[in-house]
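Right, I'll just put the structure down here and ask away after.
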Amino acid sequence: MLWHGFQMMKKLSLPASLAPLILVFATSTFAAPAGSEPLTGSEFEAYATGKTLTYAEGGQPYGAEEYLPGNRVRWAFDEDTCKEGIWYESGQNICFVYEDGSAPQCWQFFVESDKLKAVFQGESGTELYEAWASDGPLSCMGPQVGV
């Protein structure tokens, strides 16, 4: 876990001195208050636009997403190349469609302890937690040239 935390910081151009903070946030668990409602599209937009959020699952780095104006996003799984996409509101869900042509991926977002919690609206029920927020751009890896 520590190694992956440092690798994520290196990709995101974060100083090594922030490792303890990232690990604390990445290993924290949050419980949704009873009766809490998912964020609306406008609430999600107000929270996320202009930020790059790094997410963790079960204390392990999962990926990061840059939220751009106009509902545009740039996503990268840990140690992966970036995918461009868009998000839109659908009922209580925030759905993402990426340039790779995959089916929309819908999530419900909640703010807990001033951080986002994302719950996938599919069979897996994956829960991601905001581990780190930055105002800087997502650092994207290039294609594997010569491989």
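Residues: numbered from 1 along the sequence shown. Hydrogens, waters and symmetry mates play no part in the numbers below; they use all other heavy atoms, side chains included.
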Pairing donors with acceptors under 3.5 angstrom, does anything connect the side chains of Tyr55 and Glu57?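 Per modelled atom types, Tyr55 and Glu57 side chains form no pair under 3.5 Å.
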
Holding to side-chain contact (heavy atoms from CB on, under 4.5 Å), I want the full list of residues that pass it with Ala46, two or more places apart in sequence or in another chain.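 If we apply the side-chain contact (heavy atoms from CB on, under 4.5 Å) test to Ala46, skipping adjacent residues, there are no hits.
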
Rounded to the nearest 0.5 Å, what's the gap from NZ on Lys51 to CD on Glu130? Could you check?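 So the gap between those two atoms works out to 6.5 Å.
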
So, taking the atom named NZ in Lys83 and the one named SG in Cys140, what distance separates them when rounded to the nearest 0.5 Å?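 Going from the NZ atom of Lys83 to the SG atom of Cys140 covers 12.5 Å.
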
To the nearest 0.5 Å, what is the distance between CH2 on Trp87 and CD on Glu65?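 Answer rounded to 0.5 Å: 11.0 Å.
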
Between Glu127 and Tyr129, a side-chain donor and acceptor under 3.5 Å: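 Checked: Glu127/Tyr129 side chains pair up, N/O donor to acceptor below 3.5 Å.
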
Flag the pair Gln121 / Val119 as yes when at least one side-chain heavy-atom distance between them is below 4.5 Å, and no otherwise.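 With C-beta onward as the side chain, the pair touches.
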
To check you understand the geometry: which heavy-atom pair defines the closest contact between Phe120 and Gln105, and what is its length?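 For Phe120 and Gln105, the tightest heavy-atom pair comes out as CE1-CB, 4.0 Å.
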
With Thr49 via side-chain contact (heavy atoms from CB on, under 4.5 Å) - residues at least two apart: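 Residues passing side-chain contact (heavy atoms from CB on, under 4.5 Å) with Thr49: Glu45.
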
Looking at every heavy atom in both Leu138 and Thr52, which two are closest together, and how far apart are they?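 Smallest interatomic distance, heavy atoms only, reads N-OG1, 3.7 Å.
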
How many angstroms lie between CH2 in Trp107 and CG in Asn93, if you round to the nearest 0.5 Å?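 Those atoms lie 11.5 Å apart.
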
Is any side-chain heavy atom of Phe96 closer than 4.5 Å to a side-chain heavy atom of Trp75?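 Answer no - side chains too far apart.
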
Answer yes or no: is there a donor N or O on one side and an acceptor on the other, between the side chain of Glu99 and the main chain of Glu84, under 3.5 Å?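 Yes; judged by distance alone, with no hydrogens or angles, the pair exists.
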
Non-hydrogen side-chain atoms of Leu39 and Ile94 separated by less than 4.5 Å: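 Sidechains of Ile94 and Leu39: no contact.
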
What are the two closest heavy atoms between Arg74 and Cys82, and how far apart are they?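 Answer, listing the atom of Arg74 first, then Cys82: CG-CB, 3.8 Å.
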
Check this for me: Asp100, atom CG, are more than 12 non-hydrogen atoms of other residues, nucleotides or ligands nearer than 6.0 Å?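 Counting neighbours around CG of Asp100, more than 12 heavy atoms of other residues, nucleotides or ligands fall under 6.0 Å, so yes.
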
Can you find a heavy atom in the side chain of Tyr47 that is under 4.5 Å from one in the side chain of Phe109?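 SC-SC contact between Tyr47 and Phe109 ruled out.
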
Check whether any side-chain N or O of Ser134 sits under 3.5 Å from a backbone N or O of Gly136 as a donor-acceptor pair, and report yes or no.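 Yes; at least one donor-acceptor contact below 3.5 Å.
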
Nearest 0.5 Å please: distance from the OH atom of Tyr98 over to the CD1 atom of Ile86.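 Reported to 0.5 Å precision, the distance equals 10.5 Å.
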
Quick check on the hydrophobic clustering: are Phe77 and Leu53 connected, directly or via other members, by side-chain heavy-atom contacts under 4.5 Å?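 Looking at the clustering, Leu53 is in the same group as Phe77.
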
Could you state the interatomic distance from NZ (Lys117) to CZ (Phe110), rounded to the nearest 0.5 Å?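 The distance works out to 6.5 Å.
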
What's the shortest heavy-atom distance between Thr126 and Leu128, and which atoms?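 Looking at all heavy atoms of both residues, the closest pair is CG2-CD2, 3.9 Å.
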
